[in-house]
Visitor: 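Structure incoming, see below.
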Protein chains: 2
Amino acid sequence: MNEQSYPEFTGLELSPRKVDYLKFILEKGDTVKTTEISSGLQVDPSTTTKTLNELASAGYLNHVPYRGVNLTELGEAYAQFLIRRHRILSLLLTHYGLSSDEACNEVSRFEAFVSRDVVNKICSSMGHPMFGVCGEISHEICLHEEKHH
Amino acid sequence: MNEQSYPEFTGLELSPRKVDYLKFILEKGDTVKTTEISSGLQVDPSTTTKTLNELASAGYLNHVPYRGVNLTELGEAYAQFLIRRHRILSLLLTHYGLSSDEACNEVSRFEAFVSRDVVNKICSSMGHPMFGVCGEISHEICLHEEKHH
DNA sequence: AGATTTATTTGGGCTTATACCAAAAAATTC
DNA sequence: GAATTTTTTGGTATAAGCCCAAATAAATCT
């Protein structure tokens with residue numbers, strides 16, 4: 001499943017913290033336990049449980065209580081976008097004199113508020129770069145959407 | 001008074017909404033009344049009063065109850081930075097295929113989370129442009145700080 | 001298996017940011 | 001100086017975070 005199937009989201013649906021959760025879960029892959037997330041995001045396990053429930057209610061995760069979570073199809077597509085957004089924006093900032101680390105950290109603070117449309121425009125304007133400063137960039141959505149214009 | 005005198009701020013001190021208030025007040029100039037702000041930001045006057053008090057407590061404004069507010073020296077320097085940040089970031093986005101309006105709107109959503117350091121780096125990397133997409137850009141701070149490196 | 005330990009969830013409470021409404025108070029206008 | 005408008009105060013609300021303590025489920029150990 002990839003982003004193509006979800007042309008409807010704007011990229012502004014999730015709060016900054018929820019973005020962290022989804023990115024973390026995608027990067028861990030498969031089923032993720034509450035404790036892994038708690039220590040990964042440095043947050044109390046009870047906070048994690050609650051956030052996981054919210055993400056599950058919103059359709060991004062399947063949560064089996066006491067067992068762990070995994071991404072739904074929507075969640076997977078969405079998380080792929082989140083990672084791509086992070087990488088595109090970080091790469092962009094490195095073109096203005098920031099180091100990779102600086103760029104990543106800075107972007108982490110504001111990425112949740114950058115729309116999918118704008119990410120796609122930047123992405124295409126940069127020629128759909130394959131490598132960001134913190135990993136490979138995949139372009140399933142944005143390339144697909146470009147065809148329609 | 002200009003930004004030079006305040007090398008200490010990071011640009012992350014204020015919430016998005018407070019950024020709006022300070023930018024609005026700087027653009028109005030001089031003493032600004034509660035009602036002007038309320039209608040400018042489309043918010044209940046009581047909300048404005050409360051926010052104004054918070055900004056005054058934090059040292060950005062002088063508030064004379066029932067009379068209005070004006071920027072302190074810190075507030076003026078800070079607001080100048082806020083405007084410069086908005087314009088630099090908007091200009092940046094127009095280099096990636098966004099229209100002026102799109103760029104302004106997009107930037108409004110995330111600008112509060114972009115640090116002064118990064119704005120200065122972008123600014124100097126762009127050659128300290130004099131004109132943004134929504135007004136002239138003044139460079140008192142960033143040019144000053146550049147001298148120290 | 002049964003007991004202990006570990007992991008997870010529930011329930012409660014706290015903070016920050018933002019907002020509105022109704023009533024009181026001050027300033028302005030007539 | 002009385003009426004009107006503006007501003008403030010006090011109360012309440014929502015959303016997003018977060019933590020703690022207690023309860024519950026799962027896993028481990030003997």
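Chain A is the first sequence line, chain B the second, and so forth, proteins listed ahead of strands; every chain is numbered from 1.
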Visitor: Is the backbone of A:H128 close enough, under 3.5 Å, to the side chain of A:H139 for a donor and an acceptor to pair up by distance?
Guide: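 Answer holds: yes.
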Visitor: Side-chain donor-acceptor contacts of residues 19-34 of chain B below 3.5 Å, not counting sequence neighbours, with atom names and distances?
Guide:
from  : atom 1 : to     : atom 2 : distance (Å)
B:D20 : OD2    : B:R17  : NH1    : 3.0
B:K23 : NZ     : B:E111 : OE2    : 2.6

Visitor: Measure from CG on A:L55 to C1' on D:dG17 and round the result to the nearest Å.
Guide: 13 Å
Visitor: Round to the nearest Å and state the distance from B:E13 atom CD to C:dT16 atom P.
Guide: 17 Å
Visitor: Do A:E106 and B:S115 have side-chain atoms, one donor and one acceptor, less than 3.5 Å apart?
Guide: yes
Visitor: Send over the distance from A:F113 CZ to C:dA17 P, rounded to a whole Å.
Guide: 13 Å
Visitor: Do we see a donor-acceptor contact under 3.5 Å between the side chains of B:S99 and B:D101?
Guide: no
Visitor: Rounded to whole Å, please give me the gap between NE2 in A:H63 and P in D:dA25.
Guide: 14 Å
Visitor: Among D:dG17, D:dG11, C:dT9, which nucleotide has an atom closest to any side-chain atom of B:K50?
Guide: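 Between D:dG17, D:dG11, C:dT9, the one nearest the side chain of B:K50 would be D:dG11.
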Visitor: Between atom CG in A:L52 and atom C1' in D:dG17, what is the gap in whole Å?
Guide: 15 Å
Visitor: Main chain of A:K121, side chain of A:S125: is a donor-acceptor contact present, judged purely on distance under 3.5 Å?
Guide: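 Side chain of A:S125 to backbone of A:K121: no pair is present.
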Visitor: Do B:N120 and B:R84 have side-chain atoms, one donor and one acceptor, less than 3.5 Å apart?
Guide: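 Indeed, the side chains of B:N120 and B:R84 share at least one donor-acceptor pair under 3.5 Å.
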Visitor: Is a donor-acceptor contact shorter than 3.5 angstrom present between the side chain of A:K18 and the base of D:dG17?
Guide: no
Visitor: Would you check if the side chain of B:R85 reaches a backbone N or O of B:G11 as a donor-acceptor pair within less than 3.5 Å?
Guide: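 Yes, because the side chain of B:R85 sits within donor-acceptor range (under 3.5 Å) of the backbone of B:G11.
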Visitor: Run the ring-centre check on B:F110 versus A:F110 and record whether the distance is less than 6.0 Å.
Guide: yes
Visitor: Report, one pair per line, the protein and nucleotides 26-29 of chain C atoms (nitrogen or oxygen only) whose separation is under 3.5 Å.
Guide:
from   : atom 1 : to    : atom 2 : distance (Å)
C:dA27 : O3'    : B:R67 : NH2    : 3.3
C:dT28 : OP2    : B:R67 : NH2    : 3.0

Visitor: Rounded off to whole Å, could you give me the CD-to-C1' distance for the B:E54 and C:dT15 pair?
Guide: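 Answer to the nearest Å: 13 Å.
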Visitor: Heavy atom of residues 36-48 of chain B under 4.0 Å from DNA chain D: which residues?
Guide: B:P45, B:S46
Visitor: Return the value, rounded to whole Å, for the distance between atom CG of A:N53 and atom P of D:dA15.
Guide: 17 Å
Visitor: Of the options C:dT18, D:dG17, D:dT8, whose atoms approach the side-chain atoms of B:P16 most closely?
Guide: C:dT18
Visitor: Please check the phosphate of C:dT16 (OP1 and OP2 only) for any side-chain N or O of B:R17 closer than 4.0 Å.
Guide: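 Answer is no, no contact under 4.0 Å.
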Visitor: Once the angle between the rings of B:F9 and B:Y78 is folded into 0 to 90°, is it parallel (under 30°), tilted (30 to 60°) or perpendicular (over 60°)?
Guide: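 It falls in the tilted class, 30° to 60°.
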Visitor: Between B:T34 and D:dT8, is there a side-chain N or O to OP1/OP2 distance below 4.0 Å?
Guide: yes
